[in-house]
S.K.: 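Structure in structure tokens, see below.
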Amino acid sequence: MRDRIGRSHPIPFIIHHSTRPIHTLTPVHPAPLVSRCTRQYQNVDRTFRDVDAVLVAYAGILPKMDNFTHDNGQKQLLFCLYGTIPISFRGSTYNIPIAVWLPYSYPRHPPFCFVTPTATMLVRQGKHVDLSGKVYHPLLSTWHTRPDDVSLMQLLGVMQTIFTNEPPVYSKPAAPPGGSQPRNSPHPQGGSATPPPPPYPPS
């Protein structure tokens with residue numbers, strides 16, 4: 001599968017991100033940024049409202065413009081919401097890294113959604129996520145039939161639900177000291193300094 005995240009060229013007012021681990025970003029007031037990034041969209045008002053609602057509700061999500069690579073290899077500069085969404089799994093909180101790309105025809109057509117593992121994670125293929133990290137769900141496949149009744153907020157809520165039921169990432173196995181077996185676990189909130197997370201659910 002092709003890398004949908006793509007590589008970007010510098011654009012002065014835009015936050016950039018890659019599949020590398022998320023680093024500390026310079027604080028940016030999102031409203032002017034979102035306004036400038038979404039002004040090329042066919043439905044500017046709806047796109048801005050939906051994006052703004054997500055940024056207000058999810059502290060771990062940030063906006064950017066970046067190159068999205070389609071399945072045919074064509075690259076297109078699109079608006080993207082990226083960062084992490086929290087899930088609760090067996091009493092612990094985990095931050096799942098995602099990227100949600102908006103086509104210029106949004107909301108008539110659905111976003112492109114991906115799990116974007118950091119360097120310490122691997123994607124676990126499941127019912128709703130393939131090995132490339134692409135997210136599948138009936139909400140996305142039927143989106144075009146009812147664009148006025150669906151939204152980014154609804155989409156992220158669905159992603160939290162399906163990821164809670166089946167966490168889409170797990171920690172890369174480390175070299176076990178003393179020959180002990182490593183444990184694959186969903187990526188914990190707060191990094192390796194936190195207590196060991198619960199074991200990853202069996203296949």
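Treat the numbers as computed from the prediction; the structure is a model and nothing was measured.
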S.K.: Indicate yes or no: at least one non-hydrogen side-chain atom of Leu81 is less than 4.5 angstrom from one of Leu62.
M.R.: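 The answer is no; the side chains never approach within 4.5 Å.
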
S.K.: Going through the distances and angles, do Leu78 and Leu102 end up as a side chain to side chain contact (heavy atoms under 4.5 Å, CB included)?
M.R.: CA-CA 6 Å; Leu78 295 180; Leu102 306 187; over 6 Å; no

S.K.: Side chain of Thr161, backbone of Gly157: donor and acceptor closer than 3.5 Å?
M.R.: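 Flag set: sc Thr161 to bb Gly157 pair under 3.5 Å.
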
S.K.: Going from OG1 on Thr164 to CD1 on Ile96, what distance comes out if it is rounded to the nearest 0.5 angstrom?
M.R.: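 The OG1 atom of Thr164 sits 8.0 Å away from the CD1 atom of Ile96.
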
S.K.: Are Phe163 and Val115 close enough, and set up right, to give a side chain to side chain contact (heavy atoms under 4.5 Å, CB included), and what steps lead you there?
M.R.: CA-CA 10 Å; Phe163 294 164; Val115 174; 3.7 Å; yes

S.K.: What's the separation between atom CE in Met65 and atom SG in Cys80, rounded to the nearest 0.5 Å?
M.R.: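 Between Met65 CE and Cys80 SG, I get 10.0 Å after rounding to 0.5 Å.
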
S.K.: Donor-acceptor pair, distance only, cut-off 3.5 Å: does the side chain of Asn43 make one with the backbone of Thr47?
M.R.: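 It does not hold such a pair.
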
S.K.: Sub-3.5 Å donor-acceptor pair from the side chain of His128 to the main-chain atoms of Val135, do we have one?
M.R.: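 Side chain of His128 to backbone of Val135, a donor-acceptor pair under 3.5 Å: no, none is there.
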
S.K.: Are Ile98 and Phe114 packed together at the side-chain level, in the sense that at least one heavy-atom pair is separated by less than 4.5 angstrom?
M.R.: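 No. Closest side-chain heavy atoms not under 4.5 Å.
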
S.K.: Taking all non-hydrogen atoms of both residues, which atom of Glu166 and which atom of Gly126 are closest, and how far apart?
M.R.: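 Looking at all heavy atoms of both residues, the closest pair is OE1-CA, 3.6 Å.
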
S.K.: To check you understand the geometry: which heavy-atom pair defines the closest contact between Asp130 and Val123, and what is its length?
M.R.: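 Heavy atoms only, the tightest pair is O-CG1, 3.4 Å.
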
S.K.: Taking only residues two or more places apart in sequence, or in another chain, which ones meet Pro103 in a side-chain contact (heavy atoms from CB on, under 4.5 Å)?
M.R.: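 Partners of Pro103 by the side-chain contact (heavy atoms from CB on, under 4.5 Å) criterion, ordered by chain and then number, come out as Ser105, Tyr106, His109, Phe112.
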
S.K.: If every non-hydrogen atom of Leu140 is compared with every non-hydrogen atom of Pro111, which pair is closest and at what distance?
M.R.: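 Answer, listing the atom of Leu140 first, then Pro111: CD2-O, 3.8 Å.
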
S.K.: Distance check, rounded to the nearest 0.5 Å: Thr118 atom OG1 versus Leu122 atom CG?
M.R.: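 Between Thr118 OG1 and Leu122 CG, I get 9.5 Å after rounding to 0.5 Å.
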
S.K.: So how far is it from Asp50 CG to Leu156 CG, rounded to the nearest 0.5 Å?
M.R.: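 Result: 11.0 Å between the selected atoms.
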
S.K.: Measure the spacing between OG1 of Thr38 and CZ of Arg46 and express it to the nearest 0.5 Å.
M.R.: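 Reported value, rounded in 0.5 Å steps: 13.0 Å.
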
S.K.: Tell me, with the steps shown, if Met159 and Ile85 meet side chain to side chain contact (heavy atoms under 4.5 Å, CB included).
M.R.: CA-CA 9 Å; Met159 291 172 69; Ile85 56 175; 4.0 Å; yes

S.K.: Could you report the tightest heavy-atom contact between Lys64 and Asp66, atom names first, then the distance?
M.R.: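 Looking at all heavy atoms of both residues, the shortest contact is NZ-OD2, 3.1 Å.
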
S.K.: Would you please name every residue forming a side chain to side chain donor-acceptor pair (under 3.5 Å) with Arg49, sequence neighbours left out?
M.R.: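 Side chain to side chain donor-acceptor pair (under 3.5 Å) check on Arg49 returns nothing, list empty.
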
S.K.: Would you give the length of the straight line joining atom OH of Tyr94 to atom OG of Ser88, rounded to the nearest 0.5 angstrom?
M.R.: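 Reported value, rounded in 0.5 Å steps: 9.0 Å.
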
S.K.: Is there a donor-acceptor pair under 3.5 Å between the side chain of Trp143 and the backbone N or O of Pro138?
M.R.: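 Judged by distance alone, no pair lies under 3.5 Å.
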
S.K.: Can you name the closest pair of heavy atoms from Pro97 and Thr84 and give their distance?
M.R.: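 Distance-wise, the nearest heavy atoms are CA-CG2, 3.9 Å.
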
S.K.: Do Leu155 and Val150 pass the side chain to side chain contact (heavy atoms under 4.5 Å, CB included) test, and can you show the C-alpha distance, the side-chain angles, and the key distance before you say yes or no?
M.R.: CA-CA 8 Å; Leu155 173 61; Val150 287; over 6 Å; no

S.K.: Within the 4.5 Å heavy-atom criterion, are Met121 and Tyr170 side-chain neighbours or not?
M.R.: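 Counting from C-beta outward, Met121 and Tyr170 never come under 4.5 Å.
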
S.K.: Using the side chain to side chain donor-acceptor pair (under 3.5 Å) criterion, which residues pair with Gln42? Sequence neighbours excluded.
M.R.: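 Residues passing side chain to side chain donor-acceptor pair (under 3.5 Å) with Gln42: Arg108.
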
S.K.: Do you see a donor-acceptor pair shorter than 3.5 Å between the side chains of Gln76 and His70?
M.R.: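 Gln76 vs His70: donor-acceptor pair found between side chains.
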
S.K.: Measuring only between side-chain heavy atoms, which start at C-beta, is Leu55 closer than 4.5 Å to Val34?
M.R.: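 Counting from C-beta outward, Leu55 and Val34 do come under 4.5 Å.
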
S.K.: Under a 3.5 Å distance rule, please check whether Tyr41 uses its side chain to pair with a backbone N or O of Phe79 as donor and acceptor.
M.R.: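 Yes; judged by distance alone, with no hydrogens or angles, the pair exists.
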
S.K.: Does Met153 belong to the same Ile/Leu/Val/Met/Phe/Trp/Tyr cluster as Trp101, with side-chain heavy atoms less than 4.5 Å apart forming each link?
M.R.: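 Met153 and Trp101: one cluster.
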
S.K.: For the side chain of Lys172 and the backbone of Ala119, is there at least one donor-acceptor N/O pair under 3.5 Å apart?
M.R.: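 Flag set: sc Lys172 to bb Ala119 pair under 3.5 Å.
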
S.K.: Closest heavy-atom contact between Asp149 and Gln154?
M.R.: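 Minimum heavy-atom contact is O-OE1, 3.3 Å.
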
